[in-house]
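Here the structure is laid out as C-alpha coordinates; the discussion comes afterwards.
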Amino acid sequence: MKLSKKVFIVNDTHMRDSMHIGCKMVMENIYYLCQRYNLDVIGSDENISEIFDKKSFKNNIEDADCIIVNGEGTLHDNAGIGIFNRLRIAKDLNKKIILINAVWQNNSITKKYLSYFDLIYVREGFSLKEIKEDGAENASCVPDLTFYSANKIA
(Lines give C-alpha, C1' and ligand atoms only; values in the text may rest on other atoms or scores of the structure.)
Protein backbone atom coordinates (compact mmCIF):
# COMPACT_ATOMS: atom_id res chain seq x y z
CA MET A 1 0.00 0.00 0.00
CA LYS A 2 1.45 3.30 -1.12
CA LEU A 3 1.15 6.18 1.35
CA SER A 4 -0.02 9.43 -0.14
CA LYS A 5 1.04 12.93 0.78
CA LYS A 6 -1.70 15.27 1.91
CA VAL A 7 -1.88 18.62 0.13
CA PHE A 8 -3.94 21.75 0.53
CA ILE A 9 -4.48 24.09 -2.44
CA VAL A 10 -4.41 27.86 -2.04
CA ASN A 11 -6.06 29.98 -4.75
CA ASP A 12 -8.53 27.43 -6.04
CA THR A 13 -9.98 29.40 -8.93
CA HIS A 14 -12.38 26.61 -9.91
CA MET A 15 -15.30 27.95 -7.87
CA ARG A 16 -14.40 31.63 -7.76
CA ASP A 17 -14.11 31.95 -11.54
CA SER A 18 -16.32 29.03 -12.57
CA MET A 19 -17.27 30.61 -15.90
CA HIS A 20 -13.64 31.14 -16.96
CA ILE A 21 -12.50 28.20 -19.11
CA GLY A 22 -8.82 28.73 -18.28
CA CYS A 23 -9.45 28.64 -14.53
CA LYS A 24 -11.60 25.55 -14.89
CA MET A 25 -8.99 23.74 -16.97
CA VAL A 26 -6.10 24.68 -14.69
CA MET A 27 -7.89 23.50 -11.57
CA GLU A 28 -9.08 20.27 -13.20
CA ASN A 29 -5.49 19.63 -14.27
CA ILE A 30 -4.12 20.35 -10.79
CA TYR A 31 -6.60 17.94 -9.19
CA TYR A 32 -5.95 15.31 -11.87
CA LEU A 33 -2.16 15.56 -11.49
CA CYS A 34 -2.42 15.39 -7.70
CA GLN A 35 -4.44 12.19 -8.00
CA ARG A 36 -2.11 10.75 -10.63
CA TYR A 37 0.93 11.30 -8.40
CA ASN A 38 -0.71 10.01 -5.24
CA LEU A 39 -1.28 13.40 -3.62
CA ASP A 40 -4.43 13.51 -1.50
CA VAL A 41 -6.07 16.95 -1.77
CA ILE A 42 -7.53 17.45 1.71
CA GLY A 43 -8.93 20.89 0.98
CA SER A 44 -8.62 24.13 -0.87
CA ASP A 45 -9.11 27.84 -0.35
CA GLU A 46 -10.73 29.85 -3.10
CA ASN A 47 -10.87 33.11 -1.14
CA ILE A 48 -7.58 35.01 -1.41
CA SER A 49 -8.79 38.17 0.32
CA GLU A 50 -6.58 39.77 2.93
CA ILE A 51 -9.50 39.31 5.36
CA PHE A 52 -9.89 35.69 6.38
CA ASP A 53 -10.37 33.53 9.46
CA LYS A 54 -6.79 32.72 10.46
CA LYS A 55 -7.78 30.09 13.01
CA SER A 56 -9.98 28.29 10.51
CA PHE A 57 -7.27 28.37 7.86
CA LYS A 58 -4.72 27.00 10.33
CA ASN A 59 -7.10 24.16 11.23
CA ASN A 60 -7.71 23.43 7.54
CA ILE A 61 -4.02 23.01 6.73
CA GLU A 62 -2.89 21.33 9.95
CA ASP A 63 -2.91 17.80 8.48
CA ALA A 64 -1.38 18.83 5.15
CA ASP A 65 2.17 17.79 4.31
CA CYS A 66 2.38 20.46 1.64
CA ILE A 67 0.64 23.59 0.42
CA ILE A 68 0.25 23.99 -3.34
CA VAL A 69 -0.28 27.59 -4.43
CA ASN A 70 -1.97 28.08 -7.78
CA GLY A 71 -0.19 31.23 -8.97
CA GLU A 72 -2.62 31.70 -11.83
CA GLY A 73 -3.37 35.37 -12.33
CA THR A 74 -2.53 36.53 -8.82
CA LEU A 75 1.15 37.28 -8.26
CA HIS A 76 1.97 40.30 -10.37
CA ASP A 77 2.05 44.03 -9.70
CA ASN A 78 2.55 43.48 -5.94
CA ALA A 79 -0.75 41.60 -5.64
CA GLY A 80 -1.37 38.46 -3.63
CA ILE A 81 -1.05 39.80 -0.08
CA GLY A 82 -3.97 37.58 0.96
CA ILE A 83 -2.09 34.54 -0.33
CA PHE A 84 1.13 35.55 1.41
CA ASN A 85 -0.75 36.09 4.69
CA ARG A 86 -1.98 32.50 4.47
CA LEU A 87 1.48 31.22 3.62
CA ARG A 88 2.94 32.91 6.70
CA ILE A 89 0.64 30.67 8.77
CA ALA A 90 1.73 27.62 6.76
CA LYS A 91 5.41 28.45 7.27
CA ASP A 92 4.82 28.84 11.02
CA LEU A 93 3.49 25.26 10.91
CA ASN A 94 6.61 24.13 8.96
CA LYS A 95 4.63 23.22 5.85
CA LYS A 96 6.36 22.81 2.52
CA ILE A 97 5.01 25.32 0.02
CA ILE A 98 5.10 24.93 -3.75
CA LEU A 99 4.13 27.69 -6.16
CA ILE A 100 2.87 26.45 -9.53
CA ASN A 101 1.56 27.97 -12.76
CA ALA A 102 2.62 31.48 -11.77
CA VAL A 103 3.12 34.71 -13.61
CA TRP A 104 5.61 36.90 -11.73
CA GLN A 105 5.93 40.52 -12.81
CA ASN A 106 6.48 43.93 -11.19
CA ASN A 107 6.74 42.71 -7.59
CA SER A 108 9.05 45.25 -5.99
CA ILE A 109 7.23 44.93 -2.64
CA THR A 110 6.04 41.31 -2.57
CA LYS A 111 9.35 39.80 -3.69
CA LYS A 112 10.25 39.65 0.00
CA TYR A 113 7.85 36.70 0.29
CA LEU A 114 9.72 34.49 -2.19
CA SER A 115 11.50 32.76 0.70
CA TYR A 116 8.17 31.16 1.67
CA PHE A 117 8.34 28.88 -1.36
CA ASP A 118 10.30 25.63 -1.29
CA LEU A 119 9.78 25.18 -5.05
CA ILE A 120 8.61 27.62 -7.69
CA TYR A 121 7.26 26.88 -11.17
CA VAL A 122 6.40 29.83 -13.40
CA ARG A 123 4.65 29.42 -16.71
CA GLU A 124 6.73 31.57 -19.07
CA GLY A 125 10.26 32.84 -19.56
CA PHE A 126 9.68 36.51 -18.72
CA SER A 127 8.44 35.52 -15.25
CA LEU A 128 11.37 33.15 -14.79
CA LYS A 129 13.85 35.90 -15.59
CA GLU A 130 12.18 38.38 -13.26
CA ILE A 131 11.61 35.99 -10.37
CA LYS A 132 15.26 34.91 -10.46
CA GLU A 133 16.32 38.56 -10.48
CA ASP A 134 14.09 39.03 -7.43
CA GLY A 135 16.01 36.27 -5.61
CA ALA A 136 14.23 32.99 -6.32
CA GLU A 137 17.04 30.55 -7.00
CA ASN A 138 14.61 27.61 -6.78
CA ALA A 139 12.47 28.66 -9.76
CA SER A 140 11.88 26.75 -12.98
CA CYS A 141 9.76 27.36 -16.04
CA VAL A 142 7.13 24.84 -17.14
CA PRO A 143 4.25 25.28 -19.59
CA ASP A 144 1.00 26.83 -18.42
CA LEU A 145 -1.21 24.12 -16.88
CA THR A 146 -3.97 25.11 -19.29
CA PHE A 147 -2.01 23.36 -22.01
CA TYR A 148 -1.87 20.07 -20.13
CA SER A 149 -5.39 19.28 -21.30
CA ALA A 150 -5.59 21.49 -24.37
CA ASN A 151 -6.25 18.44 -26.51
CA LYS A 152 -9.51 17.84 -24.61
CA ILE A 153 -11.15 21.10 -25.70
CA ALA A 154 -14.13 20.35 -27.89
Side-chain angles (χ1 to χ4, degrees), residues 4-18 20 22-35 37-124 126-146 148:
S4 66
K5 295 284 185 183
K6 295 177 183 176
V7 299
F8 187 91
I9 298 171
V10 171
N11 192 29
D12 184 339
T13 57
H14 185 253
M15 297 298 285
R16 188 177 71 234
D17 297 319
S18 62
H20 188 281
C23 293
K24 182 177 179 177
M25 289 175 64
V26 165
M27 291 312 303
E28 285 179 3
N29 289 333
I30 290 172
Y31 278 92
Y32 170 78
L33 289 166
C34 284
Q35 181 181 19
Y37 291 100
N38 205 32
L39 300 173
D40 180 19
V41 179
I42 62 169
S44 69
D45 194 345
E46 68 184 58
N47 175 10
I48 56 169
S49 166
E50 291 180 46
I51 300 168
F52 66 103
D53 183 340
K54 293 177 175 110
K55 184 176 181 181
S56 177
F57 181 76
K58 183 178 179 180
N59 289 338
N60 288 340
I61 67 169
E62 203 152 39
D63 290 334
D65 298 303
C66 179
I67 307 300
I68 295 176
V69 180
N70 173 23
E72 176 187 20
T74 55
L75 300 177
H76 53 80
D77 300 307
N78 292 312
I81 297 299
I83 290 174
F84 294 122
N85 288 341
R86 285 164 177 76
L87 299 184
R88 184 176 304 119
I89 293 168
K91 272 298 172 194
D92 288 345
L93 293 172
N94 296 315
K95 303 297 179 184
K96 298 288 184 195
I97 302 174
I98 300 171
L99 174 62
I100 62 171
N101 207 49
V103 170
W104 185 269
Q105 297 170 357
N106 306 317
N107 290 312
S108 59
I109 297 168
T110 56
K111 67 182 179 182
K112 65 184 176 187
Y113 298 110
L114 285 173
S115 64
Y116 286 2
F117 300 111
D118 295 286
L119 294 170
I120 297 173
Y121 298 97
V122 296
R123 62 189 195 184
E124 39 72 34
F126 183 82
S127 290
L128 182 64
K129 180 181 183 297
E130 192 159 333
I131 204 166
K132 286 194 173 214
E133 288 173 357
D134 284 347
E137 297 174 9
N138 56 345
S140 299
C141 185
V142 297
D144 184 329
L145 276 170
T146 304
Y148 186 79

_Inter-residue atom distance Ser108.OG - Asp77.CG, 0.5 Å rounding_ = 9.5 Å
*With a 4.5 Å heavy-atom cut-off, do Ile98 and Tyr121 have their side chains touching?*
yes
_If I compare all heavy atoms of Ile67 with all of Ala90, which pair ends up nearest, and what's the gap?_
CG1-CB, 3.9 Å
*Got a second to check how far Leu93's CG is from Leu87's CG, nearest 0.5 Å?*
11.5 Å
*After noting the C-alpha distance and the side-chain angles of Leu39 and Cys66, does the key distance pass the side-chain contact (heavy atoms from CB on, under 4.5 Å) rule?*
CA-CA 10 Å; Leu39 300 173; Cys66 179; over 6 Å; no
*Looking at Glu72 and Arg123, what are the two nearest heavy atoms and their distance?*
CG-NH1, 4.0 Å
_One pair to check against side-chain contact (heavy atoms from CB on, under 4.5 Å): Leu75 and Thr110. What are the steps and the verdict?_
CA-CA 9 Å; Leu75 300 177; Thr110 56; over 6 Å; no
*Hey, does the side chain of Glu130 reach the backbone of Asn106 with a donor-acceptor pair shorter than 3.5 angstrom?*
yes
*If you look only at pairs with a residue in residues 87-100, which of them pass as a salt bridge (Lys or Arg N to Asp or Glu O under 4.0 Å), with sequence neighbours excluded?*
Lys91-Asp118
*Starting at NZ of Lys6, measure out to SG of Cys34 and round the result to the nearest 0.5 Å.*
14.5 Å
*Ala79 to Asn107 - nearest heavy-atom pair and separation*: N-OD1, 4.2 Å
*Applying side chain to side chain contact (heavy atoms under 4.5 Å, CB included) between Lys5 and each of Asp65, Asn38, Asp40, report the one that passes.*
Asp65
*asked:* For a quick test of reading the model, state the closest non-hydrogen atom pair linking Ser127 to Val122 and the distance between them.
replied: CB-CB, 3.9 Å
*Asn70, Asp45, Ile100, Asn47 screened by side chain to side chain contact (heavy atoms under 4.5 Å, CB included) with Asn11, the one that passes*: Asn70
*May I ask you to check whether over 12 heavy atoms, not counting those of Glu137, lie within 6.0 Å of atom CD?*
no
*Atom of Gly71, atom of Leu99 and distance for their closest heavy-atom approach*: CA-CD1, 3.8 Å
*Heavy-atom side-chain contact between Leu33 and Leu145 under 4.5 Å*: yes
*Can you list the residues that meet the salt bridge (charged side-chain N to carboxylate O under 4.0 Å, His left out) rule with Glu62, with sequence neighbours excluded?*
none
*Mind checking whether Phe57 and Phe8 have parallel, tilted or perpendicular rings, split at 30° and 60°?*
perpendicular
*Please round to the nearest 0.5 Å and tell me the distance separating atom CD1 of Ile48 and atom CD of Glu46.*
10.5 Å
_Measuring from atom OG1 of Thr74 to atom CZ of Phe84, what distance do you get when rounded to the nearest 0.5 angstrom?_
7.5 Å
*asked:* Which heavy atom of Asn29 sits nearest to which heavy atom of Thr146, and what is that distance?
replied: ND2-O, 4.1 Å
*Asp144 and Val26: side-chain contact (heavy atoms from CB on, under 4.5 Å), yes or no, with the steps?*
CA-CA 8 Å; Asp144 184 329; Val26 165; 4.1 Å; yes
_Checking Phe126 against Val103 for the side-chain contact (heavy atoms from CB on, under 4.5 Å) test, could you report, in this order, the C-alpha distance in whole Å, the side-chain angles of both residues, the deciding distance, and whether it holds?_
CA-CA 9 Å; Phe126 183 82; Val103 170; over 6 Å; no
*Is there a donor-acceptor contact under 3.5 Å from the side chain of Asn138 to the main chain of Phe117?*
yes
*Roughly how far, to the nearest 0.5 Å, is the CG atom of Leu128 from the CD atom of Glu133?*
10.0 Å
*asked:* Just so I know, are the side chains of Leu114 and Trp104 near enough to count as touching, which here means a heavy-atom distance under 4.5 Å?
replied: yes
_In the structure I gave you, are the side-chain heavy atoms of Ile83 and Tyr116 within less than 4.5 Å of one another anywhere?_
no
